[in-house]
Each structure stands twice: as structure tokens, then as C-alpha cells.
Trainee: 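Encoded as C-alpha cells, here's the structure I'll be asking about.
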Amino acid sequence: MKVAVVGYPNVGKSSLVNRLSGSREAVVHERAGITRDRKEIPAEWNGRTFTLIDTGGLDTEDPDPMAGSIREQAQAALDESAVAVFVIDAQAGVRPGDEELADLLRRWKKPVIIAANKVDHVGDMALAHEAFKLGLGEPQAVSAAQGLGTGDLLDRVVELLPEDDEEADDDIVRLALIGRPNVGKSSLLNKISGQDRVIVSDVAGTTRDSIDLRLEIDVPPTPREVIIVDTAGMRRQSKVNESVEYYTTLRSTRAADRADVALVICDAQDGVTSQDMRIAEMAMGAHCATAIVLNKWDVTEMDEAQLKHERAKVANKLRLRPKVLTASALSGRGIERLIKEALGLSDRMRQRVPTPEMNRWLSEVTSARQPPQKQGKRLKAYYAAQVDTNPPRFQISINHRQRLTREYAYYLENRLRERLSLEGVPVIIDFTERG
Ligand code: GDP
């Protein structure tokens, strides 16, 4: 869980982060100017642990409030955070730069606490009140230098942090194995957890009737943690006489809702059926990065040409073009590949593409195919940037939304999918108008 500490230069962000994290060795001037990258510092308060993102590294390198880079830095930190601490200098009062950041924060929609810093004496408390006018609630008076008010500030941060939920940990892959009954989901689960490189370390239930399986997979350099969600449903359904409809829709939907990667398991003997397609569509609709697996490859009579046909069918029917893989839970063939693919899908869900690369891509694809024009007026696309992950979300600024055709929007989306290997990954593109 991350907490972004944002604010204009020299308001005391880094000193405050040091206070809040209780880290004494991290001295402000030691760090400032060394790196433009933000710092992430673990903190703990009242038994809750969280990470403070210090965007203060910019302060001494950019003494001049270059609005662009500060906003960008703040936005990048906000994208990943659950709560923001907005630091202002109470002695200097509310400045135009603060107003600008306040604008950004009001649009952010998650909890924000204003920390009115440099209230070094109890007698100066009134200075904090001015920040009320930023429209972000009651300011909290603090003094990073004196350590005043920081306990109250931490109380509020912890109060506003969302409950520890399953999405909290960024590195864990949450995987759903879904599909019709008898396609081999539980057999695959057993095969995957039986791999040499896999340690099944824990079985934990998040809700009473859903059991998750935690796997540690040895992929150098760092082992990866995968949680296979809702395995109880998978195991139970063969015993309980649940209706096919109940099983496939409700169970699959529930698993997909809790996962960020879904493998839609199919029986290779049937090919990818229309029901399998619907399950894949549902999974992608639930924002899962998705691949389709033709299981029981050991008994199918499908040949390469037919497989190619299945792939074309999927590409035709499903706009996000999930990959079609083959596997056999019986022989173990293709299992390594499945694991690799699931990890890769998770990585692509979380990847962050640098803005210059996005802009290079935009200029390439717009010159490869000219933007459309309507009534003699041509669409212009100016900039592209990634604004969020999991699922990846991008923003493309254009001159006029009315000039954007559906076809051209799909063209851009498909090129982006190709460039970033986002087959089966849900992507959001916001087209914003810029005069
Ligand atoms: P689930 O309902 O999707 O969990 O399916 P199960 O794992 O219970 O498998 C259904 C049936 O298919 C069982 O009889 C399995 O032994 C069989 N099965 C599963 N995977 C394979 C496979 O790769 N090859 C073959 N030949 N049979 C399989």
C-alpha cells in the first residue's frame, strides 16, 4: 500500500517523509540532487505498514517550480498510491503552485490529506487554516523540523488507508484457471503445483468458501509468487451436482473478479467453443489479462492446420486477441509454457512505458497511416502517455474528438497492442481534447 507525498519544491516533503518513516539516517541534503527518481520508504504506524513515496528528490535540482515535471512526478506517484499527503508551506501561505496541484488532487478521487508544514510553534496553528480554501478538507498542521503534529497526521493516513486487500501487493500474480466443467482445470492445477520449481507454501481462504493456493515459482533471478484463486470451486464441482450454467458463469466470474490473469481452459477435443469464447470475454471484461489453453492436447486429433484455424477463429471473435496455447495436464506437456505465459501476462499488465517511447510510437503510427479527416478537417494526435497500470491505461491528446473515427481508434489500439505485446491484455485509451 503506497502513500504519495506530493507538493511544490521546498515545502519540506523529504523532511516530512523522514519524520513519518522514523528513519533517522536518511538526511534530506544527503539525498537531494543525487537522483531525480523518487524514493520509496517503508513506514509503520499503529500496526499498519505502508510505503511512503517521496517525490522530493526534485527539490534541489529544480528550484524553479517547473510545473510540468512536478506535476508529472506527482501524477506518477499518485497512480500507484491509495492515499496522498499534500504538503504545503504554511508560513508561505497558499501559492499558485499549490492551487495547481490541488486541482490535480481533486480530480484524483482518492483520499488526500493536506499537511500544512512549517507550523513550528503552537502559536502558529492558525497559519494552517488558510489551506482550507484548497477544497481538500481540513488541513493538518505539522512541523517536520520539530516533529509536531506528525502523529496526528499518521493517524489520519492509517485511517484512510483501504483495508489490506488482495490487490495490495504489487508483485504477486493472481491467477484464475477458469472454464467449463471437465476441461481439466483441477488436473492442470495439480500438474502446475507439482512442478519441481514450484513450492506450494500455503493454502489460505479469503472468504469462507473460496480457497486460494499460494505457489512460489523458482524463476531466476527472483522467485515469483502466484496465487491461484478460488481453487475450492474447481475441486468441488465434480462432487457436487452443480448445474453447468452455475459453474461456468458464477464460478468463473467470481474467480476472474479476484484475479489479474486468467487462463481459460478448453478441451482440445472440442476446440474453442462459443461458450469458451464467452468465458474469455467475461474474463477480459473483468480486467484480466487472458490466454486460452487447449488442454488434453495428448488425445486431440487436431493438427497444425486446425490449430491455426482455431487461432484465427479466436482472433476474429475476440478483439483483444488472446493467445491460444496447447497443453496436457496428463503428460505435463506445455505446462512450463503456461506458467511462463501467466507470469508474462502479469508483467505486461504492470509494465510502465516511458513517455518518450509512447510519443515515438505515436508519431510512427500516425505517419504510417494518416489520421482521418471530417469535412476537410483533419484529426491531429499530439502526445501519448501511459497513466496507469493493471490494466494499462493510456492517454492520447488530440485536437478534436469528433474527428476521431472508431476505425482509427481501433487502429491505434491494435498497433499499441502489437508494440507492447498486449495480446489478451485489456487496455484503456483515453482520448483527451487539447485545443
Ligand atoms: P475440471 O472439471 O475442469 O477441473 O476437469 P478435471 O481436471 O476434473 O478433468 C476432467 C477429466 O479430464 C478427468 O477425467 C481428467 O483425468 C481428464 N483430463 C484432464 N486433463 C487431461 C489431459 O491433459 N489429457 C487427458 N487425456 N485427460 C485429461
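Residue numbers run from 1 in the order of the sequence given. Every number for a ligand or one of its atoms is a count from 1 in the order of the listing.
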Trainee: Between R415 and Y411, does any side-chain donor sit less than 3.5 Å from a side-chain acceptor?
Mentor: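 Per modelled atom types, R415 and Y411 side chains form no pair under 3.5 Å.
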
Trainee: Taking atom types as modelled and ignoring hydrogens, do the side chains of D79 and Q75 form a donor-acceptor contact shorter than 3.5 angstrom?
Mentor: yes

Trainee: Looking at ligand 1, does any of its N/O atoms fall within less than 3.5 Å of an N/O of V299?
Mentor: no

Trainee: Does any part of the side chain of K374, heavy atoms only, come nearer than 4.5 Å to the side chain of H400, both counted from C-beta?
Mentor: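 No, side chains not in contact.
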
Trainee: Do S331 and D298 get their side chains close enough for a donor-acceptor pair, meaning under 3.5 Å?
Mentor: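 No - no donor-acceptor pair under 3.5 Å links their side chains.
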
Trainee: Side chains of R350 and S346: do they bring a donor and an acceptor to under 3.5 Å?
Mentor: yes

Trainee: Below the 3.5 angstrom mark, is there an N/O of A327, backbone or side chain, next to an N/O of ligand 1?
Mentor: no

Trainee: For residues 256-314, pull every pair meeting ring pair (Phe, Tyr, Trp, His ring centres under 6.0 Å), keeping only residues two or more places apart or in separate chains.
Mentor: none

Trainee: Output the list of atoms in ligand 1 that are nearer than 4.0 Å to some heavy atom of S186, sorted by atom number.
Mentor: 1 (P), 4 (O), 6 (P), 7 (O), 8 (O)

Trainee: Taking distance alone, with no angle check, do P181 and ligand 1 share an N/O pair under 3.5 Å?
Mentor: no

Trainee: For K323, check salt bridge (Lys or Arg N to Asp or Glu O under 4.0 Å) against everything at least two apart and list the hits.
Mentor: E341

Trainee: Show the atoms of ligand 1 that are less than 4.0 angstrom away from any heavy atom in S328.
Mentor: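 Atoms satisfying the 4.0 Å criterion: 23 (O).
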
Trainee: Between V183 and ligand 1, is there a nitrogen or oxygen pair with a distance under 3.5 Å?
Mentor: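 For ligand 1, there is an N or O atom that lies under 3.5 Å from one belonging to V183.
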
Trainee: With heavy atoms of A329 as the reference, note each atom of ligand 1 found under 4.0 Å away.
Mentor: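 Per the distance check, 20 (N), 22 (C), 23 (O).
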
Trainee: Out of K191, K296, R180, indicate the one that has the non-hydrogen atom closest to atom 12 (O) of ligand 1.
Mentor: K296

Trainee: Suppose I only count heavy atoms of N182 and a 4.0 Å limit; which atoms of ligand 1 are within that range?
Mentor: 1 (P), 2 (O), 3 (O), 5 (O), 10 (C)

Trainee: Is D298 in polar range of ligand 1, meaning some N or O pair under 3.5 Å apart?
Mentor: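 Yes.
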
